[in-house]
Number of protein chains: 2
Amino acid sequence: MEIKARIGILGSGKGSNMFALAEACHQGVIRAEIAQVVSDVENAGILDRAKDFDIPATYLSPGAFRTKLDEDAELNYIRLFREAKVDWIVLAGFMRILKGDFLKAFPNRVINIHPSLLPSFPGLEAWKQALEYGVKYTGCTVHFVDQGIDTGAIILQETVPVMDDDTPQRLHARIQDAEHHLYPAAVGLAVEGRLEVRGRLCSKAAI
Amino acid sequence: MEIKARIGILGSGKGSNMFALAEACHQGVIRAEIAQVVSDVENAGILDRAKDFDIPATYLSPGAFRTKLDEDAELNYIRLFREAKVDWIVLAGFMRILKGDFLKAFPNRVINIHPSLLPSFPGLEAWKQALEYGVKYTGCTVHFVDQGIDTGAIILQETVPVMDDDTPQRLHARIQDAEHHLYPAAVGLAVEGRLEVRGRLCSKAAI
């Protein structure tokens, strides 16, 4: 029997991307299983949704800081994912910056999705930034996580039009729709070893 | 008879966007005529191509600087376009920065096209910047010119995919194809007064 890749997911919110990834694993679109979900928010929806799929789901205290994990917390996060024997870490609405030790524990194995066409609009509420700038297209970007803020090598992107009468809510919803099929596609390529990364360039490997 | 808007064009190169705009004016897609083409490069192709359309085409010395017009030159450029009674200034591969006096002479009437999805990759050789960053989509942006570098209110954008095996030349050619229909569409909206600009947001006016 084929040995499937094991994915660990980190999230702080409702978990709609986790849901899309879990469905894609369930349907065999992603040849992997989600082995562990961890949240830094005690009552985050993502934990409940993970349990709906019978995925182990755990709250782990992030420690004293608001935008990162403290040193002890980071070790706890690393330990739990190692115990779960995950090959890949996928961020699904995780609202803290991951620092060097976590990234060193899973080198080139941490993936994130960002709600803009990077390098435009890194950081928080990218859909609001796009609306305020007045762009006609924004989108979403799946990328490897490096030490910067939303700066790692890009795996896949998808474009989303901005309408003249958009509200932040409507635009955000349109981007999230795109995320829910872009993220499974990108994670599927990664877990099957079908990505070739050279420096900051990531392309699909020839099969 | 309908009085047509008059367009002045500034360019430094071959003039492929000027050609697309002249064709669109000729076919009535843009309800305007190109009244004057000016180049800062004495033997620029754009001057010859303008003459093919019987458009007055003039080289005007840019003065001593390499990246902007000097003070006297700027006054000459303003004077010539005023004599030609142009309502709009359209930049078509003009490789110098326009400073305050020129923009004040034609307030909110200077339009540029840039070969990226701004705000990503402002400045020179945007297609190379996109390729080196590793984005999966780039494009082109028509925008009003303000004091910044490629920062003015966006009129229209179009997306262009980046292929894994792209060269700078191939990607640039693909973007230019998109430019040649995006630019006439945007200039057409402008000259017909169909754009509503509020702060840095530009939308299509209700008809």
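Residue numbering restarts at 1 for every chain, and letters A, B, ... go by the order of the sequence lines. Hydrogens, waters and symmetry mates play no part in the numbers below; they use all other heavy atoms, side chains included.
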Quick one: side chain to side chain contact (heavy atoms under 4.5 Å, CB included) partners of A:A50, sequence neighbours excluded? A:M18, A:V37, A:I55, A:A57
Given B:P119, B:A153, B:G134, the one with more heavy-atom pairs under 4.5 angstrom with chain A than any other is B:P119
Apply the test side chain to side chain contact (heavy atoms under 4.5 Å, CB included) to residues B:V135 and A:L118: give CA-CA distance (whole Å), side-chain angles for both, the deciding distance (0.1 Å), then the verdict. CA-CA 8 Å; B:V135 293; A:L118 291 171; over 6 Å; no
Donor-acceptor pairs, chain A vs chain B, cutoff 3.5 Å:
residue: A:S120; atom: N; partner: B:S120; partner atom: OG; Å: 3.2
residue: A:S120; atom: OG; partner: B:S120; partner atom: N; Å: 3.1
residue: A:S120; atom: OG; partner: B:S120; partner atom: OG; Å: 2.8
residue: A:Y133; atom: O; partner: B:R200; partner atom: NE; Å: 2.7
residue: A:Y133; atom: O; partner: B:R200; partner atom: NH2; Å: 3.2
residue: A:K136; atom: N; partner: B:Q157; partner atom: OE1; Å: 2.7
residue: A:K136; atom: NZ; partner: B:C202; partner atom: O; Å: 2.4
residue: A:Y137; atom: N; partner: B:Q157; partner atom: OE1; Å: 3.4
residue: A:Q157; atom: OE1; partner: B:K136; partner atom: N; Å: 2.8
residue: A:Q157; atom: OE1; partner: B:Y137; partner atom: N; Å: 3.4
residue: A:D164; atom: OD2; partner: B:K204; partner atom: N; Å: 3.0
residue: A:R200; atom: NE; partner: B:Y133; partner atom: O; Å: 2.8
residue: A:R200; atom: NH2; partner: B:Y133; partner atom: O; Å: 3.2
residue: A:C202; atom: O; partner: B:K136; partner atom: NZ; Å: 2.4
residue: A:K204; atom: N; partner: B:D164; partner atom: OD2; Å: 3.0

